[in-house]
Amino acid sequence: MSISLQAIAFNHEPGTATSGLNIRRNFTTAVTVPEWLPGMRLAQESLAAYAAGETAGSDLEILVGLHSTEPRARQIEVRAVDPALDALPAATDPIVREQRRARVGNVLGEVAPKRLTIAAGTSVAEPFSLTHVLLRQRGVGVQNITWRWELRVQGDPHWRRFAETTHRVYTVLEVPTAPWLSQPFVPANTQLPWTEVLEHACRWAASARTLDEAAARVTAAVFELGARSIRYGCPVLGVTQYAWPYFFCSEFLERLAGQPGRGAFVNCTDCATIVSTFANSLGCDLWQAQMFGTAPFALNPTIAIGVPGWRTACGWTTFNYHEVAWKGSCTADDEVFDACLLVDADPNPTFSPHTGLLPVNIRFGESGQGTYRDKLATPAGRANCQPQPLSRQRRVVV
Amino acid sequence: MTTPADGELVEALKRRHDFDDWSGSCETEEQLLVWRFFLSGEELSGWAAEQIRELSVPGWPPAVHSVWTRGRHDRLLLDVFECPSRVAAHELTVQGLAQFESALVERAEIQLGDIAFAAPGQAAILFARANAVLLIRHVTRDPGPIPDAARELDRLLASKPSSVEPKRVPALRRFEATGAALGSGQPAALDIEMPDPGQPRVWFKFFSPTGEIDADEERVLYRHVAAQPPEITAYSISPTDGAAERALRVM
């Protein structure tokens, strides 16, 4: 039987909960819909992203293009199954089958069977429902999925395979927030969420099911980059390298890919921008915001990203300012995520011994409360380590 | 573009670095405007451009961001911002100062630009020349001083071409203004017709001993301040072929 698959569109109704997210690959390259076309053999060629929160309770659909070269009209039924479940005999206990599906199944499940009539020599574009979708159960992640496409003609009990497609699917928790802009969905909108960012963010925060959990994992992953690819820029006085005046995200992605990018040095502004931008691609809602006062503030010993040993940043005794990823209104009552420094977890951070603590979801706090401010600044320095809510921003990605 | 609190930090830095003493200062004999600047990769002796990226992001001046290499590991980051005026460049310079997390950045002791700041050891240098702001960092494993690269860039911006190549480098096709407009004492837009787009790409330096030159979107503005008649010379700069010259025609 001569039926062929012509196209698969995940983001077939942009902006709706039954559809994929509006995305692009990077600053220069858009993702076009339909995301799959004949000739695409690699998952990386066919990209889709979904927000688990937004799609909860909605029946996800894809739009499928089919073409018939049959000599006459046909009534057919079409579906796509998950080959990962093939290993199980047909008689497998449904509970065992579901357990296996939960472990290794496609995050987008399967394409439910649909009956349709296709006229001789014509093409149709039909919406198909997805079943056994695992977006919420899995949480944040990225997965290559494969669908084996099957059809049968009316009256025939046997399914026949007619195509196999593979796709790369990113799961975020909520629709990405600024600096990412999901509208307008046009190639000129360079601030659409980039799949090259999701590629890292989804791996860093894999399996996270809450926004705080995702932000914490992204923060930890960025700090861990200090072990291999970035480090605090002591010789250049901690000047911003990747995030002034906008976020050189393309160059940072190059760095993550093992290329030079804009070099190994980073500072607090870079780290705050990286954490918030990558976490916000997963649906978090973090700002880049600063703390400073009328004069530089004195520092407790910390471990700067990629620079081993406890010392006051690079041996300087003060910071002009410091910048972190910050929740809410970026006040003393709001929590911070700082991938730039390990602070001392114990109640007396000014003196050794020191116990490393990565500040994730820690309240900035008032002086003397033992929270982030006290851990970063000395007792004398805290007066000039003031939260600056008006500094909050989300730098454009370029 | 600053956030309100960036503004506070900037104000604190202005006080700390005596902004009022140097704001608006001009170290060239004539007023200068750098316009439509770009990098070709030929500008820094001994360095090869690995990446050059021109960006025009709303809220910020047009900029050229570049990475240069020397040998296998030596690496230089150079960001050049083309502000609309010298005053705007000095404001942006302080915003650049606000990107140093350390408080140890200080006025550079070398002769550079209209104003320059550097890290001790000169592995990071921030300076303004006319309406341009440049931030240069040595980002190798063990960064060393980079004043030579900074000086070379400064000369590129501030020097008058010693010779011109009118046959090889396209000049402005029209460069004129009415005497009435120039005599008003207000900024007057100069009537400029760019070289043919099919010709080699050039950038421009405008020099004037008689008035201030700024840019406004696509226009070049001149404000006459001297007793003698207006005098402006526009140089088209080709990175590879030299320069062409065109004097303002006053009608």
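Source: prediction; values computed, not measured. Lettering follows sequence order; numbering is per chain, from 1.
The number of heavy atoms from other shown groups lying within 6.0 Å of CD (B/E109) does not exceed 12.
Using a 4.5 Å cut-off between heavy atoms, B/R15 does not touch chain A at all. Looking at A/Y246, only its side chain comes within 4.5 Å of chain B, counting heavy atoms on both sides. Interface residue B/L104: backbone and side-chain heavy atoms are both found under 4.5 Å from chain A. With a 4.5 Å cut-off on non-hydrogen atoms, B/L13 touches chain A through its side chain but not through its backbone. Using a 4.5 Å cut-off between heavy atoms, B/T69 does not touch chain A at all. In this structure, chain A has a heavy atom under 4.5 Å from the side chain of B/V67, while its backbone stays farther away. Only the side chain of B/L135 comes within contact range of chain A, judged by heavy atoms closer than 4.5 Å. If you measure heavy-atom distances from B/Q122 to chain A, you find no contacts under 4.5 Å at all. Heavy-atom distances place both the backbone and the side chain of A/F319 under 4.5 Å from chain B. Proximity to chain B is limited to the side chain of A/E254, based on heavy atoms less than 4.5 angstrom apart.
Atom CD of B/Q99 and atom CG of A/N320 lie 10.5 Å apart (nearest 0.5 Å). Between the CZ atom of A/F292 and the CG atom of B/L9 there is a distance of 4.5 Å, given to the nearest 0.5 Å.
Contact of the B/W60 side chain with the A/W244 side chain is registered, since non-hydrogen atoms from C-beta on lie closer than 4.5 Å. Looking at A/Q290 and B/E8, their side chains never come closer than 4.5 Å, going by heavy atoms from C-beta outward. Using a 4.5 Å heavy-atom cutoff, the side chains of B/E101 and A/T269 are not in contact. Contact annotation: the side chain of A/F248 approaches that of B/H65 to within less than 4.5 Å [non-hydrogen atoms, C-beta and beyond]. At a threshold of 4.5 Å between non-hydrogen side-chain atoms, the residues A/R262 and B/D79 count as touching. A 4.5 Å side-chain heavy-atom check between A/V236 and B/H138 finds every atom pair outside the cut-off.
Of all residues in residues 293-307 of chain A, those placing a non-hydrogen atom less than 4.5 angstrom from a non-hydrogen atom of chain B are A/T294, A/A295, A/P296.
Cation-pi contact between B/R53 and A/F27: present, with separation from the ring centre below 6.0 Å and deviation from the ring axis of at most 45°.
The backbone N or O of B/F100 lies less than 3.5 Å from no partner atom in the side chain of A/N267, so there is not a single donor-acceptor pair.
Residue with the most contacts toward chain A among B/R137, B/E50, B/Q51: B/R137 (heavy-atom pairs, distance under 4.5 Å). The most heavy-atom pairs under 4.5 Å with chain A, out of B/G144, B/A103, B/A124, B/G121, come from B/A103. Considering only heavy-atom pairs separated by less than 4.5 Å from chain A, the leading option among B/P143, B/A63, B/A12, B/A118 is B/P143. When each of A/G261, A/G263, A/P235, A/C314 is checked for heavy-atom pairs under 4.5 Å with chain B, A/P235 comes out on top.
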Kindly indicate, with the supporting measurements, whether the criterion side-chain contact (heavy atoms from CB on, under 4.5 Å) is fulfilled by B/R141 and A/R231.
CA-CA 10 Å; B/R141 179 170 290 278; A/R231 67 181 189 278; 4.1 Å; yes
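Here disulfide (SG to SG under 2.5 Å) pairs that include residues 49-96 of chain B, with residues two or more places apart or in two chains, number zero.
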